[in-house]
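Treat the numbers as computed from the prediction; the structure is a model and nothing was measured. Below, each value reflects all heavy atoms present in this structure, side chains not excepted, and no hydrogens, waters or symmetry copies.
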Amino acid sequence: ALSHHQRIFHYTQRSIASLGYLETVTWSFTNSKIDDIFSDKKLRLINPISSDLDTLRTSMFSNLLIHAKNNADRGHKSLMLFEVGPVFKGRQPGQQNIFASGIVMGNKTEKNWMVKTEPFNAYDCKSDVVQALKDLGIDGSKLVVENSNNLSFHPGRSGSFYLGSNKGPLLASFGEINPIIVNQLELDHYSPCGFEVYLDNISE
């Protein structure tokens, strides 16, 4: 039988994919130049396989945004990507958390003479994260939203969901990606938005 953690992992994958996101599976390491923007924890690898993959990721947004940037450079400017996997707080076994992270970028509907194109925004990520939490069995009426102090996101255009009250477990965060990061990746005119679900905080 699947453990609680494995079940949550699979349910989350299914839920986010059903919202229209494409799943990516990337290395647990990433580019330190980008990862350092998300966190001051520097988890450098001694013998990296390449200079672009020289640190353990402290956020999943590093790899998702690198992926988005590669797509945008090739002309695929509108996308919805997600990944479920480990994010590291330290080098020791157990110093990792399982996150589900997603990003949206560009326009919701591809150009079509019938439909006005509309860019993705933070509210799209907010409603997607609420749906994912409900799919995991969480009662939507028990979700409390607060301002997010998560450095991955734009300080004024982001939020975090707690269960029950702002003292309850932190379940997810969402918002526009921090403009400093967006600027460094030269994604300014795409204004990517994203979310994180903290699977370890979702109890049975």
Side-chain angles (χ1 to χ4, degrees), residues 5 8-32 34-39 41 43 53 55-72 78-89 95-106 120-136 138 143 145 148-154 157-162 169-182 184-185 187 190-202:
H5 286 298
I8 292 278
F9 196 101
H10 291 303
Y11 285 152
T12 308
Q13 277 177 313
R14 264 212 314 253
S15 167
I16 299 171
S18 74
L19 293 166
Y21 289 76
L22 282 178
E23 186 170 16
T24 65
V25 180
T26 63
W27 299 103
S28 290
F29 11 92
T30 188
N31 186 324
S32 58
I34 295 164
D35 199 71
D36 286 355
I37 313 166
F38 289 101
S39 163
K41 298 185 199 77
L43 304 175
L53 296 166
T55 193
L56 281 171
R57 63 183 177 198
T58 60
S59 162
M60 248 187 230
F61 287 135
S62 322
N63 284 345
L64 286 171
L65 286 165
I66 291 167
H67 211 48
K69 167 97 175 114
N70 292 340
N71 274 289
S78 297
L79 41 90
M80 301 169 74
L81 298 173
F82 83 100
E83 183 169 3
V84 187
V87 169
F88 298 85
K89 314 180 274 210
Q95 288 185 311
Q96 63 181 60
N97 298 106
I98 302 297
F99 283 19
S101 302
I103 56 164
V104 294
M105 190 170 90
F120 285 110
N121 61 42
Y123 292 104
D124 297 308
C125 287
K126 181 182 182 180
S127 62
D128 288 346
V129 104
V130 168
Q131 186 57 54
L133 291 171
K134 285 181 179 167
D135 288 347
L136 289 170
I138 285 160
L143 291 174
V145 70
S148 177
N149 54 5
N150 184 323
L151 297 176
S152 300
F153 298 109
H154 186 301
R157 298 184 195 153
S158 58
S160 291
F161 281 113
Y162 294 85
L170 171 63
L171 300 184
S173 299
F174 66 89
E176 282 183 23
I177 301 293
N178 190 319
I180 299 165
I181 299 160
V182 172
Q184 272 190 292
L185 283 165
L187 288 170
Y190 300 108
S191 57
C193 300
F195 65 80
E196 291 180 329
V197 182
Y198 310 113
L199 300 190
D200 300 335
N201 294 351
I202 294 173

Do Ser158 and Glu176 have side chains that approach each other closer than 4.5 Å (heavy atoms only, starting at C-beta)?
no
Minimum heavy-atom separation for Phe61 to Gly102, with atom names?
CE2-O, 3.6 Å
Does the pair Asn63 and Thr24 meet the rule for a side-chain contact (heavy atoms from CB on, under 4.5 Å), with working shown?
CA-CA 9 Å; Asn63 284 345; Thr24 65; over 6 Å; no
Under 3.5 Å: donor-acceptor pair, side chain of Ser15, backbone of Tyr11
no
Closest heavy-atom contact between Ala68 and Leu79?
CB-CD1, 3.9 Å
Would you say that Ser160 contacts Val145 through its side chain, given a criterion of any heavy-atom pair below 4.5 Å between the two side chains?
no
Sub-4.5 Å side-chain heavy-atom contact between Ser152 and Asn178
no
Evaluate salt bridge (Lys or Arg N to Asp or Glu O under 4.0 Å) for Arg57 paired with Glu83, printing each intermediate quantity in order.
CA-CA 13 Å; Arg57 63 183 177 198; Glu83 183 169 3; 3.5 Å; yes
For Glu196, what residues pass the salt bridge (charged side-chain N to carboxylate O under 4.0 Å, His left out) criterion, not counting sequence neighbours?
none
Here the gap from Arg157 atom CZ to Ile177 atom CD1, rounded to the nearest 0.5 Å, amounts to 13.0 Å
With sequence neighbours excluded, what pairs up with Asp124 under the side chain to side chain contact (heavy atoms under 4.5 Å, CB included) test?
Lys108, Phe120, Asn121
Distance-minimising heavy-atom pair for Ala122 and Phe174
O-CD1, 3.8 Å
Return the set of residues passing side chain to side chain contact (heavy atoms under 4.5 Å, CB included) with Leu19 (not counting sequence neighbours), or none when no residue passes.
Tyr21, Asp128, Gln131
Leu81 side chain near His67 side chain, heavy-atom distance below 4.5 Å
yes
Quick one: pull up SG in Cys125 and CE in Met80 and give me the separation to the nearest 0.5 Å.
8.0 Å
Rounded to the nearest 0.5 Å, what separation is found between the OH atom of Tyr190 and the CD1 atom of Ile103?
12.5 Å
Who are the salt bridge (charged side-chain N to carboxylate O under 4.0 Å, His left out) partners of Lys126, not counting sequence neighbours?
none
Which heavy-atom pair separates Asp200 from Ile98 by the least distance, and what is that distance?
OD2-N, 3.0 Å
Leu199 versus Asn97: any side-chain heavy-atom pair under 4.5 Å?
no
Are Tyr198 and Phe161 close enough that their ring centres sit under 6.0 Å apart?
no
Counting distance only, does the side-chain N/O of Asn201 pair as donor-acceptor with the main-chain N or O of Leu171 below 3.5 Å?
no
List the residues meeting side chain to side chain donor-acceptor pair (under 3.5 Å) with Asn71, not counting sequence neighbours, and say none if there are none.
none
Taking NE2 in His10 as the centre, count heavy atoms belonging to other residues, nucleotides or ligands within less than 6.0 Å. Is the count above 12?
yes
With a 4.5 Å limit on heavy-atom distance, are the side chains of Ile16 and Phe195 in contact?
yes
From CA spacing to verdict: side-chain hydrogen bond (donor to acceptor under 3.5 Å, both in side chains), Ser148, Asn150
CA-CA 5 Å; Ser148 177; Asn150 184 323; 4.8 Å; no
Any heavy-atom pair between the side chains of Ser101 and Phe82 that's under 4.5 Å?
no
Would you call Leu187 and Lys69 a side-chain contact if the rule is heavy atoms closer than 4.5 Å?
yes
Among residues at least two apart in sequence or on other chains, which ones pass side chain to side chain donor-acceptor pair (under 3.5 Å) with Gln96?
none
Spacing of CD1 belonging to Ile181 relative to CG belonging to Leu151, to within rounding of 0.5 Å:
8.0 Å
To the nearest 0.5 angstrom, please state how far the CD1 atom of Ile202 sits from the CG atom of Leu133.
5.5 Å
